[in-house]
Amino acid sequence: MNGLRAATLGALCVGVAAAVAWGLAYPQNSAAASVVRAVSDGAAMTVLGLLVVPAFDAERYRGQLADRAAHPLIAVSAVWAISELVRLLIGAAEAAGSSAGRVGVRTTWVFAVDTAVGRAGLVCLAAAVCVVALVSSGNARPASTTCVVAIGTAAIGIAARSLIGHLSESTLGGVAVAVHALAAALWCGSLAALALTVTHRGQWARVLPRFSQTSLVSVVVLLVFGLAAATVTLNSPTDLYGTGYGRVLAAKVLVTSVLLGLAARNRSVWLPAARSHRATSHVSRTRSHVELAIMAIALTLAAALAVTG
């Protein structure tokens, strides 16, 4: 699957998932806001993945993988920054009862500094801009100070989202969703980074086992803290079908279950084949793209949750 087809598949998954979330939560959900949030979240996760992906390769090859990640990293971090700005404009427009195209700079600034949602959005935007500046310097090599700072800044931008939405008034809920988001970012972002940078069978054989170990830990953390966040959010099990938020959450849980089943199968089938050089690079890319497509659906539903009133 070439890059254009993969991008088209990803866009289709995001659009369909946003439409489903809109239908499940209507009229408390905006499909446009869900898409912008999904693009922003996906870009932030991919940035984190591209920054850490050299660590999955053997030490002697990490510089080569970092070089392959350099150009995608600049492009994706720029997409992250732009989408964060758009998201801030949409938030300001909704607060002012206007359209994003007509909201002014002053209105946006007041929203960004005088509201909790705006301040959280400003933190995310600042983190994205800082990452763009750091990775554009050309010094974000593995184990370098610039790379470490960029990873930390990206993590702050991702975790800052826990300040927004239904869990912002609960300390337990805020911590749970922040850790949940970081675990999801490490899992999904790393796989996206592998799909963007790994090109041959031998490289897949080296990086996939380490990615598999990291993703297993990430999935466990994701499930534990996701359950904690859901417990804080839902008043009763009936909310899963009785409220728009609950229905979107139920859809996300369903898609995540499918994703976990696929990941388990890949761990038992794809991983041994790749490790023993029996899986071609084409097979490995195809498997990663299929898993990423389901991830895109799950992440879009998660983004829809954040914007469902």
Side-chain angles (χ1 to χ4, degrees), residues 1-3 5-17 20-21 38 41-42 45-46 48-50 52-53 55-58 65 179-227 230 248-303 305:
M1 184 182 296
N2 59 36
R5 290 176 61 189
T8 302
L9 176 61
L12 180 62
C13 290
V14 170
V16 170
V20 169
D41 288 354
M45 291 179 175
T46 305
L48 182 63
L50 287 166
V52 303
V53 73
F56 295 136
D57 209 341
L65 196 55
V179 177
H180 175 80
L182 286 170
L186 186 58
W187 178 27
C188 302
S190 295
L191 184 58
L194 292 179
L196 286 169
T197 59
V198 179
T199 58
H200 57 81
R201 183 192 317 218
Q203 203 170 25
W204 279 109
R206 295 195 306 268
V207 302
L208 202 58
R210 296 184 181 185
F211 164 75
S212 182
Q213 294 172 356
T214 302
S215 63
L216 180 60
V217 175
S218 298
V219 167
V220 172
V221 173
L222 181 149
L223 292 175
V224 170
F225 285 90
L227 179 61
V248 176
L249 177 60
K252 179 195 169 188
V253 170
L254 176 62
V255 174
T256 301
S257 299
V258 173
L259 177 60
L260 292 175
L262 177 61
R265 178 171 175 77
N266 282 340
R267 185 178 177 85
S268 63
V269 177
W270 177 24
L271 175 60
R275 180 186 288 156
S276 60
H277 296 259
R278 289 183 289 109
T280 66
S281 60
H282 174 73
V283 168
S284 292
R285 283 197 304 271
T286 299
R287 287 187 176 274
S288 66
H289 287 160
V290 171
E291 190 169 335
L292 284 168
I294 301 177
M295 284 179 173
I297 296 173
L299 292 174
T300 302
L301 292 172
L305 281 176

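Any value given below was found using the heavy atoms of this structure, including those in side chains, with hydrogens, waters and symmetry copies removed.
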Subject >> Pairwise distance OG(S276) to CZ(R201) - rounded to 0.5 angstrom >> reply: 9.5 Å

Original post:
Hey, does S190 have a side-chain heavy atom less than 4.5 Å from the side chain of V52?
Top reply: yes

Original post:
Has the side chain of S268 got a donor or acceptor atom that lies under 3.5 Å from a matching backbone atom of R265?
Top reply: yes

**OP:** Using a 4.5 Å cut-off on heavy atoms from C-beta on, say whether the side chain of K252 contacts that of V255.
**Re:** no

Subject >> Candidate list V53, T197, L194, test side-chain contact (heavy atoms from CB on, under 4.5 Å), partner V207, passing option >> reply: L194

Original post:
Any side-chain heavy-atom pair from D41 and L299 closer than 4.5 angstrom?
Top reply: no

Original post:
Is the backbone of S212 close enough, under 3.5 Å, to the side chain of R267 for a donor and an acceptor to pair up by distance?
Top reply: yes

Subject >> Heavy-atom check, side chain of N266 versus side chain of L262, under 4.5 Å >> reply: yes

Subject >> For R206 against R210, the heavy-atom pair lying closest together >> reply: O-CG, 4.3 Å

Original post:
If you measure only the distance, is there a donor-acceptor pair under 3.5 Å linking the side chains of W204 and S281?
Top reply: no

**OP:** Considering non-hydrogen atoms only, spot the tightest contact between S284 and A279 and give its length.
**Re:** OG-CB, 4.1 Å

Subject >> Minimum heavy-atom distance between T300 and A38, given as atom pair plus value >> reply: OG1-CB, 3.8 Å

Original post:
To the nearest 0.5 Å, how far apart are CG in L182 and CG in L48?
Top reply: 7.5 Å

Original post:
Do C13 and M295 have side chains that get closer than 4.5 Å, going by heavy atoms?
Top reply: no

**OP:** Specify the closest pair of heavy atoms between A21 and V248, including all atoms of both residues, with the distance to one decimal.
**Re:** O-CG2, 3.8 Å

Subject >> Between CZ on residue F211 and CG on residue D57, distance to nearest 0.5 Å >> reply: 14.5 Å

Original post:
Measuring from L292:CG to L259:CG, what's the distance to the nearest 0.5 Å?
Top reply: 9.5 Å

Original post:
Which value, rounded to the nearest 0.5 Å, describes the distance between F56 atom CZ and L208 atom CG?
Top reply: 10.0 Å

Original post:
Hey, are the side chains of L65 and Q203 touching, using non-hydrogen atoms and a 4.5 Å cut-off?
Top reply: yes

Original post:
Which pair of non-hydrogen atoms, one from H277 and one from G202, has the smallest distance, and what is that distance?
Top reply: CE1-CA, 3.7 Å

**OP:** Given side-chain contact (heavy atoms from CB on, under 4.5 Å), test V221 with L186 step by step and report yes or no.
**Re:** CA-CA 11 Å; V221 173; L186 186 58; over 6 Å; no

Original post:
Can you name the nearest heavy-atom pair linking R275 to A205, along with the distance?
Top reply: O-CB, 4.0 Å

Subject >> Beyond-backbone contact of V283 with R287, side-chain heavy atoms, under 4.5 angstrom >> reply: yes

Subject >> Spacing of CG belonging to L191 relative to NE2 belonging to H289, to within rounding of 0.5 Å >> reply: 8.5 Å

